[in-house]
Amino acid sequence: MKDKNVIQVEDLSKMFGDFAAVNSISFHVKAGEIFGFLGANGAGKTTAMKMLIGISSPTSGKATVAGFDVYKEAEFIKKNIGYMSQKFALYDDLTVKENITFFGGIYGLSKKQIDQKRCELVDELGLQEVTNSLVGSLPLGWKQKLAFSVSLLHDPKIVFLDEPTGGVDPITRRQFWEMIYKAAHNGTTIFVTTHYMDEAEYCDRVSIMVNGKIEALDTPKKLKEQYKTDTMNDVFLKLARG
Amino acid sequence: MSITVSNISKSYGKVTALTDISFDVKPGELFGLIGPDGAGKTTLFRILTTLLLADKGQAVVAGYDVLKKYKSIRNSVGYMPGRFSLYQDLTVEENLNFFATIFGTTIEENYDLIKDIYVQIEAFKTRRAGKLSGGMKQKLALSCALIHKPKVLFLDEPTTGVDPVSRKEFWEMLKRLQQKGITILVSTPYMDEAALCDRIALIQDGKILEIDTPKAIVNHFPKSLYNIRANDMYGLIESLTNYEHTYSIFPFGEFVHYTDKRESIDTESLKAYLVSQNLTDIYIEKTQPTIEDTFMELAK
C-alpha cells in the first residue's frame, strides 16, 4: 500500500505573466503518507496546492492526483479528495448537523450514508449537545476538528489541509494531529501545510518551497542531519530565505 | 507603570470575554499576552486603546485613565490591530502621511524611529496598500503605528499566519524598538515567541493563567517531563494513552512529551510496557519543559 504513489508531480509550473509562481516542481506522495508542504509566505505553496486539487490549471508539466490527470480529469480529482483550510472550512451560519448534511450531499453520499456518518462523527468528537448549534458559535478548535472530519466524510484517498491549526490552542492543536495520525493509520494520505515547525516534525516527509521551487524534500530526521541542526525550525530558517 | 490593569471584566451578552483581569507593564518592558484564538486578547487590546468600554475594573495607560483621559491615550499609544486596517486604496506613502498628519506630525520628524522598518518597503511607496504582500502590509502597519512616536505600542497578533523567517525578523524589529524606550504589549498564539518577551501573561477563556518571566513560568512546571520516541508515532500515542501511570501525553515534534502520575518514574518498566505493545526503537530521555508544556498543564 505504502509504495503506491497517490500524488505524482513532474516539472509542474504555473506562470502569472512573466512571474513563475511555481517553477518546475517534481515530487511524489505515497499512499498513507503524511506529507508536509512547507515554505515562506509567497513561496508558491497555495498556487501549487490549487493545481493539485483541480481548481487551477498548470502552465506546463504533469501531475496526477489519486490517479487522475490535473488537466483533463479535475472533476474526478475533486470527488476523490478532501480539503480544508483555516480560512474556509464550514458554514458559520449553518448548524453542525446542517453542515454535515450539506457537505455529505456535495460529496454525493446518500441520505442513509449521511445519517450514519453523522452519528459516528458526532459521537467521536463528543458533539452531542451542539448538533443543533450554529457552527459560528463553536470555539475555533472544535470547528477545525469538525471541519477535518467533514473533509473525510466521503472516505477520500487524499486530504489536503491548508494551515489547519493556525491560532488553535496548543491542546486542541495536538488533538487535531492525533486525528491526522488516525486517518493516516487508516490509509488516508495527508497533504498538509503549516507554519508551526513542531508540526513539520510530525510528518513522514517534508518539502520546503523557496521562490517557486522545492529546495529540500526528505524525512524530518534526514533534513536535520543534512542541515546539521536539531530542529526543523532551524532547517527552515537556513533554507527559506534562499 | 506604563500600563496598569485592575480587575477588568467584559461580556458580550451571554458570552464572557474577560474575567477579572489584572496586570502591570513596566516602562520599557516587552510584555507578551500569550493565548489561543478566543482567549480574549483582542477585547483587552480594544479596552486599553479606548475603543471599547469594560463592564468592570480600571485601566491606566501611559499615565492616563482609559475612561476619563481617552483622548490623551489616543495621542500617546500606537495600535496595530490584528486585521489589516490601513486604507487599501491609498499608497504606502499616502497612508504613512495620513497617519502622521492625523497626529499633527510629519514623516520627517520621526523618521528615525521607523527608518529600519520603512526602508524595507520604501521602494514600493507608490503602490496601493491593498496590493502589498502580507509581510509588506505588516511593515507598513507597524510604521503607521509608530509615526507619532508613541510611548506605548499595542500589537495584536502581528505574526499570525506569518512564516517562521518573517516572524523572526519581526521580533528582531520589536527588540530594536524596545531599545528606543518604547513600552510594548504584544499578543501571539505562538508559544515559542513567549520566550522573547521580558514577561508574559498566559491567557485562556478570558482568564489569566499565570504572569511571570518566561524562565520562571517554565520553572513552575510541576512534573518531570520525558521525551519518548518509537518506530510508530500513532501506536506510541495509543499505547501511552492506555498506560495506567500516564498523567499527560502530548505529541511534541519528533517526540511525545510524557508525564507520569507517580512521584518517581522507572523508565525501564515504562520501556518494557511499550515493548509489550509491539513498539520498537524506543527512546526515553528526561527533558526541559517549554512554555507550551506549562500552558497545556495550566489549561487542563
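Reckoned from all heavy atoms, side chains included, excluding hydrogens, waters and symmetry mates. Every chain is numbered from 1, with letters handed out A, B, ... down the list of sequences. Predicted model, so just to flag it, every value in this text is computed and none were measured.
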task: Please flag which part of A:Leu140 lies under 4.5 Å from any non-hydrogen atom of chain B: side chain, backbone, both or neither.
output: side chain
- request: Indicate the ring-plane relationship of A:Tyr202 and A:Tyr181, choosing parallel, tilted or perpendicular according to the 30° and 60° boundaries.
  value: tilted
- prompt: Measuring heavy-atom distances to chain B, does A:Lys182 have an atom under 4.5 Å in its side chain, in its backbone, in both, or in neither?
  reply: both
message: Against the six-membered ring of A:Phe176, is A:Lys145 placed for a cation-pi contact (under 6.0 Å from the centre, within 45° of the normal)?
response: no
task: Pick one of side chain, backbone, both or neither for B:Gln204, based on which atoms fall under 4.5 Å of a heavy atom in chain A.
output: side chain
message: If we count only N and O atoms by modelled type, under 3.5 Å, do the side chains of A:Thr193 and A:Glu163 hold a donor and an acceptor together?
response: no
query: So B:Tyr258 and B:Asp260, side chain to side chain contact (heavy atoms under 4.5 Å, CB included) or not? Walk me through it.
result: CA-CA 7 Å; B:Tyr258 171 83; B:Asp260 199 282; 2.6 Å; yes
- request: Would you tell me whether A:Ser13 and A:Asn23 have side-chain atoms, one donor and one acceptor, within less than 3.5 Å of each other?
  value: no
Largest heavy-atom contact set with chain A, pairs under 4.5 Å, which of B:Tyr190, B:Phe295, B:Phe255, B:Phe252: B:Phe252
query: Is it the side chain or the backbone of A:Pro170 that comes within 4.5 Å of chain B heavy atoms, both, or neither?
result: both
- prompt: Quick one: what part of B:Met296 sits under 4.5 Å from any heavy atom of chain A, side chain, backbone, both or neither?
  reply: both
- prompt: Within 45° of the axis and under 6.0 Å from the centre of the six-membered ring of B:Tyr118, does NZ or CZ of B:Lys139 qualify?
  reply: no
- prompt: Relative to chain B, which of A:Arg174, A:Glu199, A:Glu201, A:Met232 shows the most heavy atom pairs under 4.5 Å?
  reply: A:Arg174
field: B:Val162 versus chain A, the contacting section by heavy-atom distance below 4.5 Å
entry: both
message: Check for me whether B:Arg199 meets the cation-pi criterion with B:Phe31, that is, NZ or CZ under 6.0 Å from the six-membered ring centre and within 45 degrees of the ring axis.
response: no
query: Who among B:Gly38, B:Pro36, B:Pro189, B:Pro251 has the most heavy-atom pairs with chain A under 4.5 Å?
result: B:Pro251
